[in-house]
Asker: 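Quick one: the structure is below, and I'll ask about it shortly.
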Amino acid sequence: MPDPYSWVKKSLRTLHHADWYRSVQTIEGLPGPVVTMAGRALVNFASNDYLGLASDPHVAERAIAATRTYGTGATGSRLLSGHRPLHAELEQAIAHLKGTEAALVFSSGYLANIGTITALVNSRDLILADAYNHASLKNGASLSGATVIAYRHSDLAELANALLQHRAAYRRCLILTDGVFGMDGDVCLLPEILELAGRFEAMVMIDEAHSAGVLGKTGAGCAEHFGCTHWPMVQMGTLSKAFASLGGYVAGSGELIEFLRNRAPSWIYTTGLSPADAAAALAAIALLQHSPDRLAQLHANARYLTQQLDQLLSDLPPAQQATLKRLPSDSAIICLQVKDAATVLRLGQQLKDRGIFISAVRPPTVPISRLRMSVMATHTPAHIDQLIDALRVCLAEVD
Ligand SMILES: *Cc1c(COP(=O)(O)O)cnc(C)c1O
C-alpha cells in the first residue's frame, strides 16, 4: 500500500542534511539572567524577558491574585462572555504607555498581526513590507490577499520608488515594518517612513515586539524613541517579551480600535486573554513606569556588552575579523554574524559547554547565520564578562 505520509520522513532527512533541523531545549525552574538546563546553571543571553520581570515576585503575585478572583480561563471570546475588568484596565494602561487614544489586547502578538493586517487591507490594496519583517507580519500580509511588495531591508529609496510606481493603482496602501528587527537588532527608520507614507496617503503599521519596554525615555518603544508618538499609525506590540506575560496588542486612534473590535477575525473568534496573563502584563507595565532604573540598567548593559564585544573583535587576527561581524544595533539585541550554519551551531554548543546559553540563528530564519545575544536589565557586569571570556576562547578556533 502506498503511504501518503512517507514524504514526511524524507523532508526531515533534508532538514538534517542542511543543518536546518530544530529541536526544543528545556529550561528548568524560573527564567532569569541565569537558568538551569539539564541540571547545569547557564548565564542566559537568549531571553526576550528584557526587563527581567518574568520571574518578578510582585508580577507573579498579581497573576495569582487574578486567578483567585477571576479563574484560570476567560471562558469565552471577548465579545461574548470573555471580557473582564482586567482587559479594560490593561488596554487603558497600554494606551497610556503608548500615548494613544486606545488599545486592543489580542491573545498573542502573532494573532494581533494577522488579525489587524487582514482587517485593514484586502485584494484591492497594496502592502509594502521590509524584507526582514517578522514571520507574523509576512503571514498576515499573505492572508490579507493584498498585493505584497517587499523592499530591501531599510532601503527607503526602494520604498519610495515602489510608492511612486504602484501606489496609484490600489485603493489603500499599508507599509509594514518591525520597530526593532528581531534577528538583527537595528531600528527601522520610522520618521522617514512616516514622512513617505504621508506623501503617498499610505498607512503605517509598526511591530514594537522588541522595542516596547526597551526603547524610548519611558519604554514606550520606537515611536517614543523617534518622537513620533502623535503621528497617526498602527502600533502593534506583544506582552510576551519585556512585559513578561502572554498576549499582543494594537494601539492607535479610538476609531481604529473600534474598527478592529468589529473586523479583526483573530480577535473576534478567539478566547480572551487569561486573567493571569492580563494581570501579569498590567503589573509589568506598572513596574516599568514606577521604577525607571530597570530601563536605564537595560540600556547600560547593552552598551557594556557592545563595547566589550567590539574590543574582543578588534583583538582578533585580520582574517577572522573579515568573517566575524557585529551587526549594527540600537536595541537589547546584539548579533555576531558568522560564516555558516555549521559554524554557528558548533559555537552555540561550545559556549553552552562553557556555561553560556545563547541563540544560534540559522537560515531560513535569517539569510546569514549568527549568534544572537539578548541583554536583560538583570544581567550583572560579571555575567557579561563571562560571556566575553567564553567567546574569546571559542572564537579563537573559528576560521
Ligand atoms: C515575538 C514577535 C511577535 C509575536 O509575538 P507573540 O506575542 O510571541 O506571538 C511578533 N512580531 C515580532 C517582531 C516578534 O518578535
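Just follow the structure's listing: the first ligand is 1, and inside any ligand the first atom is 1.
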Asker: Would you check if the side chain of Arg167 reaches a backbone N or O of Glu201 as a donor-acceptor pair within less than 3.5 Å?
Answerer: yes
Asker: Do the side chains of Arg294 and Asp56 get close enough for a salt bridge, i.e. N-O under 4.0 angstrom?
Answerer: yes
Asker: For atom 5 (O) of ligand 1, grab the closest protein heavy atom and report residue, atom and distance to one decimal in Å.
Answerer: Gly109 CA, 3.5 Å
Asker: Find all atoms of ligand 1 within a distance of less than 4.0 Å from any non-hydrogen atom belonging to Gly247, and give their numbers and elements.
Answerer: 7 (O)
Asker: With heavy atoms of Thr238 as the reference, note each atom of ligand 1 found under 4.0 Å away.
Answerer: 5 (O), 6 (P), 7 (O)
Asker: So for ligand 1, is Asp178 a polar contact partner (N or O within less than 3.5 Å, distance only)?
Answerer: no
Asker: Please list, in number order, the atoms of ligand 1 under 4.0 Å from a heavy atom of Ala209.
Answerer: 2 (C), 11 (N), 12 (C), 13 (C), 14 (C), 15 (O)
Asker: Is the closest heavy atom of Gly182 to ligand 1 under 4.0 Å?
Answerer: no
Asker: Roughly how far, to the nearest 0.5 Å, is CG of Asp184 from NE2 of His153?
Answerer: 5.0 Å
Asker: Going by heavy atoms, is Gly248 under 4.0 Å from ligand 1?
Answerer: no
Asker: Only heavy atoms of Ser136, strictly under 4.0 Å: list the atoms of ligand 1 that pass.
Answerer: 10 (C), 11 (N)
Asker: What about Phe45 and His379, are their ring centers closer than 6.0 Å?
Answerer: yes
Asker: Starting from atom 11 (N) of ligand 1, which protein heavy atom do you reach first, and at what distance in Å?
Answerer: Asp207 OD2, 2.5 Å
Asker: Going by the order shown, which atoms of ligand 1 are within less than 4.0 Å of some heavy atom of Lys241?
Answerer: 1 (C), 2 (C), 3 (C), 14 (C), 15 (O)
Asker: Suppose we measure from atom 8 (O) of ligand 1 to each protein heavy atom; which comes out shortest, and what is that distance?
Answerer: Ser240 OG, 3.2 Å
Asker: What verdict does the side chain to side chain contact (heavy atoms under 4.5 Å, CB included) test give for Leu371 and Leu351, after you've listed the backbone C-alpha separation in whole Å, the side-chain angles of each residue and the deciding distance to 0.1 Å?
Answerer: CA-CA 10 Å; Leu371 290 172; Leu351 286 162; 4.0 Å; yes
Asker: For atom 3 (C) of ligand 1, what's the nearest protein heavy atom and its distance?
Answerer: His134 CE1, 3.5 Å
Asker: Do the side chain of Asn133 and the main chain of Lys138 share a donor and acceptor less than 3.5 angstrom apart?
Answerer: no
Asker: Please report the C-alpha distance between Asp49 and Lys241 in whole Å, then the side-chain angles of each, then the deciding distance to 0.1 Å, and finally whether the salt bridge (Lys or Arg N to Asp or Glu O under 4.0 Å) criterion is met.
Answerer: CA-CA 5 Å; Asp49 179 21; Lys241 290 174 179 147; over 6 Å; no
Asker: Looking only at protein heavy atoms, which one is nearest to atom 9 (O) of ligand 1, and how far off is it?
Answerer: Tyr110 N, 2.9 Å
Asker: Say whether, by atom type as modelled, one donor and one acceptor occur between the side chain of Arg370 and the main chain of Met183 under 3.5 angstrom.
Answerer: yes
Asker: Any chain of hydrophobic side-chain contacts (each under 4.5 Å) joining Leu143 to Phe259?
Answerer: no
